Q: 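Before I ask anything, here is the structure I am working with.
Since the structure is predicted, the reported quantities are computational estimates derived from the model, not experimental observations. Proteins come first, then strands; the chains are lettered A, B, ... in the order of their sequence lines, and each starts at number 1. Values below: every heavy atom of this structure, side chains too, minus hydrogens, waters and symmetry copies.
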Number of protein chains: 4
Amino acid sequence: MKRSEMKVKKKKEDIILSAIAIMNRQGTKGATMEQIAAELLMTKGSLYYYFRNKEDLIFQCHVLVLSRANEDIQQVVSSDKSYEERLREMIALHIDYAINEKETFNMIIRPDKTFAEDQLQPLFEKRAIYSRFFDEIIERGIESGEFEKVDVRMVRMILLGAMNWIQQWYKEDGKKSIEEIQQVYADYLIKLLK
Amino acid sequence: MKRSEMKVKKKKEDIILSAIAIMNRQGTKGATMEQIAAELLMTKGSLYYYFRNKEDLIFQCHVLVLSRANEDIQQVVSSDKSYEERLREMIALHIDYAINEKETFNMIIRPDKTFAEDQLQPLFEKRAIYSRFFDEIIERGIESGEFEKVDVRMVRMILLGAMNWIQQWYKEDGKKSIEEIQQVYADYLIKLLK
Amino acid sequence: MKRSEMKVKKKKEDIILSAIAIMNRQGTKGATMEQIAAELLMTKGSLYYYFRNKEDLIFQCHVLVLSRANEDIQQVVSSDKSYEERLREMIALHIDYAINEKETFNMIIRPDKTFAEDQLQPLFEKRAIYSRFFDEIIERGIESGEFEKVDVRMVRMILLGAMNWIQQWYKEDGKKSIEEIQQVYADYLIKLLK
Amino acid sequence: MKRSEMKVKKKKEDIILSAIAIMNRQGTKGATMEQIAAELLMTKGSLYYYFRNKEDLIFQCHVLVLSRANEDIQQVVSSDKSYEERLREMIALHIDYAINEKETFNMIIRPDKTFAEDQLQPLFEKRAIYSRFFDEIIERGIESGEFEKVDVRMVRMILLGAMNWIQQWYKEDGKKSIEEIQQVYADYLIKLLK
DNA sequence: TATGAATGAGGATTCATTCAT
DNA sequence: CATGAATGAATCCTCATTCAT
């Protein structure tokens, strides 16, 4: 990739990151192209140089976030630790996302209904891949005897739901630190598999 | 209350209900006063007879939903069944909300950031009351020896998070019926307390 | 039709008339909704109360103009004068349109390519009806022996083309008055049929 | 003229030709600099090396087309055939333009109102020259006795109008071939002079 | 010469809100 | 009470134009 292409890619990413931040603060409809541009000290018009329209920008936001999340979780999944250990790490990572990258995180867990079918498809697939990482670890854990036999899909849903919810109540100055939450959640959630 | 006042109250409720439906379908910003009015065969202008402005309408939506939810859950809480039994019923009720009244439900669990501080307060209080019902049953269950000692707040968060998430994946024609989900979730979630 | 409906219809017509004027001065793209509104001392927003969007407004312009033209020409066609006489009157009428209602006239003769197929259809039909009035008189004139046998469609095309062109060069302070032009054109064009 | 100057001139012509094509398809306002550039595999920015601005480009389009038309028609006019023969050839040529070079043709017949007075002047002159070729043949035909005495200007207007209109209805797969149309039109139009 | 990037002025459209009737 | 009509601010988007490289 040439220097110039790199630069464009970088710029696009900057824009996407800003957009994600604002959209999660104010919702998809609430975030205006003007604001997004302003945040980056650009003009509205410039945004349209990089993205065809608002929908396109939103779409790319989702793509970026989901791709990154899948890369990260893959790292954890493919280690050679015990399944419980790996699941604990996955939980910690997911919670970290939920809290520290709250903004991007919402893009992972909540689909945007404004997309057309053909755009929705690739997003759903990426989300499915993310889920499957959890299923995989649970299944293999059961096979190995580390975990008790459970309804894998249901348990995965419970895990994810419980974790996704954290961002709704977490406060930096709350009683529990992030590490504590990661610890407590892992302990309780692993209980479902024992 | 006079006849006419009753009528106004009824009308307000009708409007709120329609508004909730539309807002959950399209988001707060996505729902227009026009649409809400149209759904009820009224005109935009009439809405303003009943509500000062859109913000007021949204606020009243939240109030209504939260009040009802609290009334419903209170019924369950104040029975004289075992604590596990009562918790199972609360779980069933909450899941029923999450699936069958998805639209109103989102008002309970997701706060709307567009409110001013003084409006936010009463909403938070109602939401806190709802949460406390769960805490109460868990605590009393522990005291009575039915449940094992746990971090009440954390476990409540896990319960609610897990259940709230159901609406994101539930499909009417899916593999599991609502009853099955209620059953499975109750079983797994109670495990956290045993 | 009730009083209020009348009023709306009247207003729509006013808007359409203004729109036609501006559009013919500056082209479809050149005319802005702002301008059209300003001409009528309304605001942009008000226009959208009466017309869904710009395309709709343009479409209605065409419909109105074509309908009126057909009504007018029908009057002439259904008299009981000789065919030559009637054709002369049709020519006079058409030329009158071309010169005095230049603005509306362009809507009759030049199709707008911006329309979707389903909107284009009714417009084409109306335009076809207008053409058929000419064909009819020419054909019946031939049958009656008043006119010599000709290729009806070709001759009609020549007639209309010749007349439509007038607006491109006519000037109020030119050498020929409208009446003279109507006279001269009728004389020459009738020659094609003799 | 130096090699490099030639190259620039050639490039300018290419641009103008593309511009004409697009403008006639979508109107002056509808054609964007972007499109015109894209058609030639250049970038928007490059256009501005060759033309001061859009208005300049449009102006040059008109100039080129009109110049060429005048050259072509001059050829026919200055032959030594009979006047009727020459007029027939001029009609054939003009119709050929109207159908086969529809795009450029519209530049000849329809003035663009967006020009400033000082730009308009040279265009009008060229258009006048084109007209005068027709007048000349008609006049000389009358003098020679080939044609009957007529109002030259009026007849010329009828001729041009009738022919210009053809492009509005001509279809490649229609009933009449171009040659037939040229034939029929010549026959009918010459009738006006006999 | 050519281009990629940026800009800002407009233009279409939406929508909460107001108000006379 | 209800509504039709009007408004204006906000928003998305387009495009001619500029300019550094």
Side-chain angles (χ1 to χ4, degrees), chain A residues 2-5 7-8 11-12 29-37 40-58, chain B residues 4 7-8 11 28-37 40-58, chain C residues 2-5 7-8 11-12 26 29-38 40-58, chain D residues 4 7-8 11 28-37 40-58:
Chain A
K2 275 181 254 135
R3 176 73 56 90
S4 65
E5 284 174 10
K7 242 172 128 182
V8 166
K11 193 105 195 184
K12 277 194 180 185
K29 286 256 172 189
T32 73
M33 294 299 267
E34 183 97 43
Q35 266 177 51
I36 295 167
L40 289 151
L41 303 178
M42 324 173 94
T43 58
K44 238 186 322 182
S46 302
L47 276 192
Y48 284 88
Y49 181 77
Y50 294 99
F51 299 93
R52 234 194 322 284
N53 50 36
K54 194 179 177 183
E55 191 187 344
D56 183 33
L57 173 55
I58 297 174
Chain B
S4 65
K7 242 172 125 186
V8 165
K11 193 102 193 183
T28 310
K29 284 257 172 190
T32 71
M33 294 297 268
E34 182 94 43
Q35 269 175 44
I36 295 166
L40 289 151
L41 305 177
M42 329 172 86
T43 58
K44 242 189 314 186
S46 304
L47 282 189
Y48 284 84
Y49 179 76
Y50 297 99
F51 299 93
R52 228 194 337 275
N53 51 33
K54 195 182 178 183
E55 193 188 344
D56 183 32
L57 172 54
I58 296 174
Chain C
K2 272 181 260 143
R3 176 69 58 89
S4 63
E5 285 174 9
K7 242 173 131 180
V8 166
K11 193 104 193 184
K12 277 194 180 184
Q26 311 174 3
K29 286 254 172 189
T32 72
M33 294 298 267
E34 182 99 43
Q35 266 176 52
I36 295 168
L40 288 151
L41 304 178
M42 324 172 94
T43 59
K44 241 187 316 183
S46 301
L47 277 192
Y48 284 86
Y49 181 79
Y50 294 99
F51 299 92
R52 233 193 323 283
N53 49 35
K54 194 179 178 183
E55 192 188 343
D56 183 33
L57 173 55
I58 297 174
Chain D
S4 64
K7 242 173 125 184
V8 166
K11 194 103 194 183
T28 310
K29 285 257 172 191
T32 72
M33 295 298 267
E34 182 94 44
Q35 269 175 44
I36 294 167
L40 288 151
L41 304 178
M42 331 173 83
T43 57
K44 243 190 314 187
S46 304
L47 282 189
Y48 283 85
Y49 178 78
Y50 297 99
F51 299 93
R52 229 191 337 273
N53 50 34
K54 194 181 179 185
E55 192 188 345
D56 183 34
L57 173 54
I58 297 173

Q: Would you tell me if any nitrogen or oxygen in the side chain of B/Ser46 comes within less than 4.0 Å of OP1 or OP2 on F/dA2?
A: no
Q: With nearest nucleotides of DNA chain F determined for B/Lys11 and C/Val8 from heavy-atom distances, which residue corresponds to the more 5′ nucleotide?
A: B/Lys11
Q: So, the side chain of D/Lys54 versus the backbone of D/Ala31: is there a donor-acceptor pair under 3.5 Å, distance only?
A: yes
Q: How does DNA chain F look in dot-bracket notation if pairs are Watson-Crick or G-U with both distances under 3.5 Å, crossing ones as [ ], other-strand ones as |?
A: .||||||||||||||||||||
Q: Given E/dA5, is OP1 or OP2 found less than 4.0 Å from the side-chain N or O atoms of A/Lys7?
A: no
Q: Measure from CG on C/Leu47 to P on E/dG11 and round the result to the nearest Å.
A: 14 Å
Q: Can you tell me how far C1' of E/dA5 sits from CG of A/Leu40, to the nearest Å?
A: 15 Å
Q: Output one letter per nucleotide in nucleotides 15-21 of chain F: B when a protein non-hydrogen atom lies under 4.0 Å from the base, S when only the sugar-phosphate is that close, - when neither is.
A: SBBB---
Q: Who passes side-chain hydrogen bond (donor to acceptor under 3.5 Å, both in side chains) against D/Asn53, sequence neighbours left out?
A: none
Q: Which atoms form the tightest heavy-atom contact between C/Met42 and C/Tyr50, and what is the distance?
A: CE-CE1, 4.1 Å
Q: Need to verify one output field. Residue with the more 5' nearest nucleotide on DNA chain E, A/Tyr49 or D/Ser4?
A: D/Ser4
Q: Looking at CD of B/Glu34 and NZ of B/Lys44, how far apart are the two atoms once the value is rounded to the nearest 0.5 Å?
A: 4.5 Å
Q: To check you understand the geometry: which heavy-atom pair defines the closest contact between B/Ala37 and B/Thr43, and what is its length?
A: CB-C, 3.6 Å
Q: Given B/Phe51, which of B/Ile58, B/Asp56, B/Ile36 fulfils the side-chain contact (heavy atoms from CB on, under 4.5 Å) condition?
A: B/Asp56
Q: In this structure, how many angstroms lie between the C1' atom of F/dA6 and the OH atom of C/Tyr50, rounded?
A: 8 Å
Q: Which whole-number value in Å describes the distance from B/Met42 CE to F/dG4 P?
A: 12 Å
